[in-house]
Every structure is written in C-alpha cells, then in structure tokens.
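Below is one structure, written out as structure tokens, with a few remarks after it.
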Amino acid sequence: MKIVTLFFFLLSFLSIGSITAARQWQPKNTVLFTLKTQESDDTTFSTRVLFCNEAYVTSGSFGALELNFSALDENGNRIYLKMNLLYIDKFNIIYNRLENYKYEFVTDHIDCPVALNDSDFQDMYSFFERLIHSYFWLETFHGSESLQREYFGHFTITVNSIYFENDSLYFSADFTADNHQNVYFSPSEITGSIKVNGLPVCWKMVD
C-alpha cells in the first residue's frame, strides 16, 4: 500500500512530457497515461496509473488481445481503461492445443517492434457480419454511476515486445489515441505506456 501511495504522490508532480522518463519506474502490470480533455475553452490534463486486473486472449469468429486496467482516484472514483486489439496479419497470437489438455500461446512470428493504427483494422467483421473494432475505452465511475466515458477509436500503438511463458503474458507497448472523429464525446487525447510482466491470461470464445 505504501508503494502505491508513493506512486500516486510522484504522479502529481509529473509534467505532460514526463511519461517517457516515468517509464523507468513504472510498476509491472500497469498502464501509465496522460489524458488531455478539451471542454469549451478549458483544457485539463491528468496523469494516472491503473493496474491490469484482467487479460484475455479471445478466439472464435475473431481473435483479439484484451487488457483491462482499473484503480481508484484521489476522490474514491474508479477509473477503467480497456484495450481491445484485434488480430491482423502482422499482429496475432496463435493458440496451439497440446497433449494432456495443455495449450500454448505462440508470438515468435510477430516482428517487434510493430506499429499499428486504426487504419490497419478497417472493415473487419465477425462471423455473423457484425462490424468489430480495435479501440481504447476509458470510463470513470462513482459507485455504479458513470461520470465520464471516452471511446478512442483513432489510435497508434507500438508493440515493443510480446511473449508468453506458460499462460502468463509479457507485453510492452506505447500508444496515443484520440476521439476527435467522434462527435458524441468531448475532444480528448490519451498518451501512455503499457507494461505487463508475467500476468496470467484467460482464454475465451467469442461469436
């Protein structure tokens, strides 16, 4: 608990351009990001660290890597960030069934670092012809009430490394995203770094 408290204390002194330096002491299994939000003539910046509590490798009618992060802010509100990254030719995780009901995840065919952006995921559909997307989703709750939600469908992410040891994920990436093309949300931008080291992943089927 002292480490977490100290981390939030240090974040309060970060300038907007300090995320690169902050990566040196970013804890494992976290996302570190700065959110810039424009409301009328007022621009606000906030820097946060959220902890990865769920990681999924999905397969079925489509495949994806899904990471879910969350933490409480200084006001007791819970902040969630979800990353959903669909499989394409240059980024996909191979799921191999082995003997004795064991399995493995294979990533050595991915040429890291690999840069991806939303244009790489255009016109993708599930088996039932449902349009599917890669995205970042940010939402803040006070209890069960949603205070703020931001859908970032326009993004660039650089996957620096990805591999598995047994069923544990090792994943490093830097990303920027915005919602400037979405008229339903206040103009916002997010810039951050993901560090996942040895986090057990779950596997799920999708339609």
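Using modelled atom types, no side-chain atom of Asp111 and backbone atom of Lys90 make a donor-acceptor pair closer than 3.5 Å. A donor-acceptor pair is defined here as one N or O able to donate and one able to accept, closer than 3.5 Å; such a pair exists between the side chain of Ser134 and the backbone of Leu86. Using modelled atom types, one side-chain atom of Gln26 and one backbone atom of Ser193 make a donor-acceptor pair closer than 3.5 Å.
Partner of Tyr135 under the ring-ring contact (aromatic ring centres under 6.0 Å, His included) criterion, chosen from Phe152, Phe121, Tyr151: Tyr151. Each of Ile79, Asn77, Leu138, Thr37 was compared with Gln148 under the side chain to side chain contact (heavy atoms under 4.5 Å, CB included) criterion, and only Thr37 meets it. When each of Val159, Leu67, Asn160 is tested with Ile194 by the rule side chain to side chain contact (heavy atoms under 4.5 Å, CB included), just one qualifies, namely Leu67.
Residues Lys36 and Thr191 are not in side-chain contact: their nearest non-hydrogen atoms beyond the backbone lie 4.5 Å or more apart. With contacts defined as side-chain heavy-atom distances shorter than 4.5 Å, the pair Glu150/Ile190 does not qualify. Looking at Glu54 and Cys202, their side chains never come closer than 4.5 Å, going by heavy atoms from C-beta outward. Using a 4.5 Å heavy-atom threshold, the side chains of Tyr163 and Asp108 count as separate. Contact annotation: the side chain of Arg149 approaches that of Trp137 to within less than 4.5 Å [non-hydrogen atoms, C-beta and beyond]. Within the 4.5 Å cutoff, the side chain of Val31 has heavy atoms near those of the Phe175 side chain. Contact of the Asn84 side chain with the Ile132 side chain is not registered, since no non-hydrogen atoms from C-beta on lie closer than 4.5 Å. Counting heavy atoms from C-beta outward, Asp73 and Arg48 have side chains that approach closer than 4.5 Å.
Atoms CG and CZ, on Asn68 and Phe51 in that order, are 15.5 Å from each other to the nearest 0.5 Å. Within the model, atoms CG of Asp167 and CD of Glu104 stand 12.5 Å from one another, a figure rounded to the nearest 0.5 Å.
Aromatic ring centroids of Tyr80 and Phe141 lie under 6.0 Å apart.
Checked by atom type, the side-chain pair Glu66/Thr58 shows no donor-acceptor distance below 3.5 Å. Using modelled atom types, one finds a donor on one side chain and an acceptor on the other under 3.5 Å when comparing His109 with Asn92.
The shortest non-hydrogen separation linking Ser59 to Trp203 is OG-NE1, 3.0 Å. Across all their heavy atoms, His180 and Asp178 have their closest contact at N-OD1, 3.1 Å. Heavy-atom minimum distance, Pro27 versus Lys195: O-CD, 3.8 Å. Scanning all heavy atoms of the two residues, the minimum distance from Tyr87 to Leu65 falls at CE2-N, 3.8 Å. The minimum heavy-atom distance linking Ser188 with Asn179 is given by the pair N-OD1, 2.8 Å. Nearest heavy-atom pair, Asp120 versus Ala115, reported as atom, atom and distance to 0.1 Å: OD2-O, 4.2 Å.
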(message) Assess the residue pair Trp25 and Leu32 against the criterion (side-chain contact (heavy atoms from CB on, under 4.5 Å)); give the C-alpha distance rounded to whole Å, side-chain angles, the decisive distance to 0.1 Å, and a yes or no.
(response) CA-CA 10 Å; Trp25 43 267; Leu32 170 68; 5.7 Å; no
(message) Using the rule given for side-chain hydrogen bond (donor to acceptor under 3.5 Å, both in side chains), can you reason through Thr47 versus Thr34, listing the C-alpha separation, both sets of side-chain angles and the distance that settles it, and then say yes or no?
(response) CA-CA 4 Å; Thr47 299; Thr34 293; 2.9 Å; yes
(request) Would you sort out whether Tyr95 and Phe105 count as a ring-ring contact (aromatic ring centres under 6.0 Å, His included), showing the intermediate values? (result) CA-CA 5 Å; Tyr95 173 82; Phe105 299 114; 5.8 Å; yes
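Shown here is Asn197, whose CG atom has more than 12 heavy atoms of other residues, nucleotides or ligands within 6.0 Å.
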